[in-house]
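The next block holds one structure in the form of structure tokens; read it before the comments.
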Protein chains: 2
Amino acid sequence: MNVRTLCLGILSLQEASGYEIKKDVEDGLFSHFIDASYGSIYPALTQLAAEGLVTVRAEEQTGKPDKKVYAITDTGQTALANALSVKPAKDKYKSEFLFQMLLQDFLSPDIMLVAIQKQLDDLNADLGRIAHCECGADGGQGARFVAEYGHAVLTAGVNCLENKKAELLQQLAAQAA
Amino acid sequence: MNVRTLCLGILSLQEASGYEIKKDVEDGLFSHFIDASYGSIYPALTQLAAEGLVTVRAEEQTGKPDKKVYAITDTGQTALANALSVKPAKDKYKSEFLFQMLLQDFLSPDIMLVAIQKQLDDLNADLGRIAHCECGADGGQGARFVAEYGHAVLTAGVNCLENKKAELLQQLAAQAA
DNA sequence: TGATGCATGTAATCCGTTACATGATTCA
DNA sequence: TGAATCATGTAACGGATTACATGCATCA
């Protein structure tokens, strides 16, 4: 799936500007399983508009720069439905943290602890974003499903890490004694 | 983290050819959190050898093509330790499946079911790979940690999906009645 | 005889990120 | 006064994937 489809998908839930789409994938419900930068979002939006899959409307704002609000068209919805109907690629999960843990023999115990704590913080931040968005309850069923799934997976990670952390701390204490 | 470091890391655990490294990241313990193709592995290995971070040895095999077995050098270990000591990037998780679920209004219930089943199969396949590698028990502590973490996270996903699937099935049955 | 596994490699291409450029406003 | 937020965009660059090229052995 490319940034085009991503934009189309987000716009199918609500109108938005490029800036707002970026925020959604950065801080919103989507943040833990989607990624995109301005450098890919803006050109995609321009292209989508040229092809008639979305419309643009300039919105004047007092005190802030003008906004280009994009909305999906019927053609866009069809294109989205088509893109969605193809069997999705397998999930991709890349973890430098896990790679580091795998090679922990190269790491000192305190560096290990720092890495684990960082991972814990990252996971909890995602968990926080999900909890926060759930209150908003924008996207209906779909959003709830995604929130639940994310919550389950992230929580499992947190629990696993808390255990490891406690274990490590005990080992260090025993060593010091 | 790039493919160079990835190769160095795998070679720090055991000697291997490019082909074997690919297998490791495809079917091995690493498969659920790492990815790399021949097109990136082979050039990386060549480069690493040119820089003296690994050595090459041609191994003749009866019935099979010759193998180039790579082994990490002391310099390579130092380079790996350095690369590992930098704070790792945040985990990246990309899921077209979740995106599809988010936009489930565009999907028919049976397509939904197919997608969920596919995700379930993918997760279980990963779980199977982890269970299989654990028997081998190559990498010691690090490998065990990674296996546990993967198992916890993957299992959480499976449970969540089993619930959803049952829910959906019930809804469909109720609708049919 | 045709697919699959073992085995190595290159080149074109793609997709996206990073960095850069600009500019107004608000809050500390 | 300086940082952060809002807001849009482009160009260079990088990193990896895909597809291609080759070839032998084994199994169905």
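These numbers come from the heavy atoms of this one structure, side chains and all, not from hydrogens, waters or symmetry mates. Order of the sequence lines sets the chain letters (A, B, ...), proteins ahead of strands, with each chain counted from 1.
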By side chain to side chain donor-acceptor pair (under 3.5 Å), which residues pair with [X], not counting sequence neighbours?
X	answer
A:Ser12	none
A:Tyr93	B:Asp91
A:Lys90	B:Asp126

message: B:Val114: which residues meet the side chain to side chain contact (heavy atoms under 4.5 Å, CB included) condition with it, sequence neighbours left out?
response: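 For B:Val114, no residue satisfies side chain to side chain contact (heavy atoms under 4.5 Å, CB included) once neighbours in sequence are set aside.
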message: Is there a side-chain contact between B:Phe97 and B:Ile116 in this structure, where contact means two heavy atoms from C-beta onward sitting under 4.5 Å apart?
response: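 Sidechains of B:Ile116 and B:Phe97: in contact.
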task: Heavy atoms under 4.0 Å is the rule here; annotate nucleotides 4-15 of chain C 5' to 3' with B where the base is hit, S where only the sugar-phosphate is, and - elsewhere.
output: -SBBBBB-----
From [atom1] of [X] over to [atom2] of [N], roughly how many Å is that when rounded to an integer?
X	N	atom1	atom2	value
A:Glu26	D:dT5	CD	P	10 Å
A:Ile41	C:dT17	CD1	P	8 Å
A:Lys22	D:dA4	NZ	C1'	15 Å
A:Asp35	C:dG16	CG	P	11 Å
A:Leu6	C:dT17	CG	P	10 Å
A:Leu48	D:dT8	CG	P	15 Å

Let me check something: any side-chain donor-acceptor pairs from residues 29-47 of chain A under 3.5 Å, sequence neighbours excluded? List them with distances.
| residue | atom | partner | partner atom | Å |
| --- | --- | --- | --- | --- |
| A:Ser31 | OG | A:Gly28 | O | 2.8 |
| A:Ser31 | OG | A:Arg129 | NE | 3.3 |
| A:Ser40 | OG | A:Ser37 | N | 3.4 |
| A:Ser40 | OG | A:Ser37 | O | 2.9 |
| A:Thr46 | OG1 | A:Tyr42 | O | 2.9 |
| A:Gln47 | NE2 | A:Glu51 | OE2 | 3.2 |

field: Pairing residues for B:Lys92 by the salt bridge (Lys or Arg N to Asp or Glu O under 4.0 Å) criterion, not counting sequence neighbours
entry: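 Partners of B:Lys92 under the salt bridge (Lys or Arg N to Asp or Glu O under 4.0 Å) test: none.
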field: Under the salt bridge (Lys or Arg N to Asp or Glu O under 4.0 Å) test, residues paired with B:Lys87 that sit two or more places apart
entry: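 B:Lys87 satisfies salt bridge (Lys or Arg N to Asp or Glu O under 4.0 Å) with no residue once adjacent residues are dropped.
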field: Overall bend - the helix from C:dT1-D:dA28 to C:dA28-D:dT1, comparing terminal axes fitted on five pairs, nearest 10 degrees
entry: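 Here the local axes at opposite ends form an angle of 40°.
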query: Applying side-chain hydrogen bond (donor to acceptor under 3.5 Å, both in side chains), which residue pairs with at least one partner in residues 66-77 of chain A are found, sequence neighbours left out?
result: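 Pairs touching residues 66-77 of chain A that pass the test: A:Glu20-A:Lys67.
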task: Go through residues 75-85 of chain B and report each residue with a non-hydrogen atom lying under 4.0 Å from DNA chain D, sorted by number.
output: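 Listed by number, there are none.
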Ignoring hydrogens and angles, write down the donor-acceptor pairs under 3.5 Å from the side chains of residues 153-177 of chain A, residues two or more places apart or on other chains.
| residue | atom | partner | partner atom | Å |
| --- | --- | --- | --- | --- |
| A:Thr155 | OG1 | A:His151 | O | 2.6 |
| A:Asn159 | ND2 | A:Thr155 | O | 3.4 |
| A:Lys165 | NZ | A:Gln117 | OE1 | 2.9 |

